[in-house]
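Worksheet for the structure shown next.
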Amino acid sequence: MDFNLNLDFSSQKKSESVRENSLYDLLIIGSGPAGLNAALYAKRKGLEVAILSVKMGGQVLDTSSVENYLGIQGATGESLVHDFISHVNTLAVPIIKDESVKSIEKIEDQFQLTLGNGAVYKSKALIVATGSKPRQLGVKGEAEYSGRGVAYCAICDGPLFEGRDVIIAGGGNSAVEAAIDLSKIAKTVTLVHRSQLRADQIVIDKLNSAENVKIHLETQITEVVGENLVTGVNAVDKKTNETLFIPAEGVFVEIGYLPNNELVKDLVSLNESGEIIVNAQNETSLKGLYAAGDVTDTPYKQIVIAASEGAKAALSANDYINHL
Ligand SMILES: Cc1cc2nc3c(=O)[nH]c(=O)nc-3n(C[C@H](O)[C@H](O)[C@H](O)COP(=O)(O)OP(=O)(O)OC[C@H]3O[C@@H](n4cnc5c(N)ncnc54)[C@H](O)[C@@H]3O)c2cc1C
């Protein structure tokens, strides 16, 4: 799918082109909310900055509607991305968007980024804002009904299922917390997990006290079923080997995220989930390398949080550059 298809940037100021091999103050990898807001803040600080990215807008483009970004009501993911990029374009930030970054090296005090086509870009500081992807169940029907009942973010899409029957797939803290939150909105919540719950006991107790929640443990979802929209899931109870159909209009897959950490996994410290560890200034373990948004260990993967972390990373990078 070409996500840039309907994005009209005709009002944009003409961006300078990104200059290969010259030394930028700051390069930013990624153009989701973290990368775009980092660029906005960096440029307003007077830094020589450029963005290197593949999918303009990042995961926001996968979002049908965004209802929790302060001050913006009734936005589609696409319209929000359009507004983000238009804003960045008023500052003429150069953007390379056709090639992914393949490698990062730190040579003395400079970062050297090599793209898939062999082009090389250099900078004094670097922000990695490469985002994440939700982990998928990998069962039949999941992709087909994604956005038509299958969802990956209970905080984002929960309110769309008010008064309906929903299923949560997963058994960790995020799944159990999603089930608790949804039990206040949905008619019924059925939590399905292939083994035992791995969440903290305190949240499990809270889940057990919700009257409209059912729990199927040691139960494997084998297929998402629907007729244009989701109607339920087929599953196997591993204790009895019986197959069962669980009806629902929504299936929330809450089995974690895969951070896009490939570029930096040998350069900076990661936590056990593979997220880049950052401090309150968005510094990583490598001097001059900052990270922001979903790729980091900052909790709650949300647009507003990624955007604000991008701003912090840019301001910290600016301080770093000023003291070089
Ligand atoms: C289906 C869905 C619905 C959601 N709904 C909402 C919602 O309603 N509200 C909300 O607040 N949040 C929502 N979220 C979460 C939100 O989209 C993310 O938290 C947010 O987009 C994270 O921003 P980011 O900038 O960190 O990363 P991303 O948006 O993931 O952007 C990462 C960027 O990095 C680029 N990139 C990655 N690797 C490379 C590379 N090697 N070279 C060059 N570029 C690279 C990508 O092309 C992309 O531009 C939703 C998420 C999903 C999946």
Side-chain angles (χ1 to χ4, degrees), residues 3-4 18 27-40 50-70 72-81 84-85 88 95-104 113-117 119 121 126-136 142-143 145-160 174 252-254 256-265 275-276 278 282 290-314:
F3 289 101
N4 289 326
V18 188
L27 289 173
I28 297 167
I29 310 176
S31 64
L36 290 172
N37 213 28
L40 185 77
I51 298 175
L52 307 170
S53 182
V54 194
K55 182 171 156 187
M56 295 296 292
Q59 293 171 75
V60 183
L61 275 182
D62 302 338
T63 310
S64 44
S65 72
V66 179
E67 312 208 355
N68 54 4
Y69 197 86
L70 184 66
I72 307 280
Q73 290 173 38
T76 62
E78 193 176 288
S79 69
L80 192 58
V81 167
F84 285 171
I85 296 176
V88 171
I95 304 176
I96 284 230
K97 53 186 180 215
D98 299 328
E99 283 284 344
S100 63
V101 178
K102 290 292 179 215
S103 70
I104 302 171
L113 276 53
T114 307
L115 306 197
N117 61 5
Y121 297 91
L126 176 64
I127 295 178
V128 174
T130 46
S132 67
K133 36 190 170 297
R135 206 184 276 272
Q136 305 197 332
E142 181 182 13
Y145 290 104
S146 176
R148 289 191 284 146
V150 174
Y152 295 89
C153 179
I155 301 175
C156 319
D157 294 337
L160 304 174
S174 54
F252 285 85
V253 180
E254 291 285 343
Y257 290 86
L258 295 171
N260 298 322
N261 63 13
E262 298 80 8
L263 284 173
V264 293
K265 61 181 192 297
E275 297 165 331
I276 301 173
V278 290
N282 294 77
Y290 298 80
D294 277 18
V295 73
T296 70
D297 63 343
T298 301
Y300 311 120
K301 309 307 185 196
Q302 292 285 281
I303 298 166
V304 71
I305 292 170
S308 64
E309 292 292 306
K312 275 169 57 199

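In each ligand, atom 1 is the first atom listed, and ligand 1 is the first ligand listed.
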No-hydrogen, no-angle side-chain donor-acceptor test under 3.5 Å, Asn260 and Thr130: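 No, Thr130 and Asn260 have no side-chain donor paired with an acceptor closer than 3.5 Å.
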Donor-acceptor side-chain pairing of Thr76 and Glu78 below 3.5 angstrom: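 There is no such pair between these side chains.
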Test applied, side-chain contact (heavy atoms from CB on, under 4.5 Å); reference residue, Ile127; option that passes from Ile29, Leu27, Asn282, Ile28: Ile28
Side chain to side chain, Pro134 and Gln59, heavy atoms closer than 4.5 Å: yes
Val88 side chain reached by Phe84 side chain, heavy atoms, under 4.5 Å: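 No - every pair of side-chain heavy atoms lies 4.5 Å or more apart.
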Pairwise distance CD(Glu275) to OG(Ser132) - rounded to 0.5 angstrom: 8.0 Å
Amino acids contacting ligand 1, non-hydrogen cut-off under 4.0 Å: Ile29, Gly30, Ser31, Gly32, Pro33, Ala34, Leu52, Ser53, Val54, Lys55, Gly58, Gln59, Val60, Asp62, Thr63, Ser65, Asn68, Ser100, Val101, Ala129, Thr130, Gly131, Ser132, Pro134, Cys156, Leu263, Gly293, Asp294, Lys301, Gln302, Ile303, Ala306
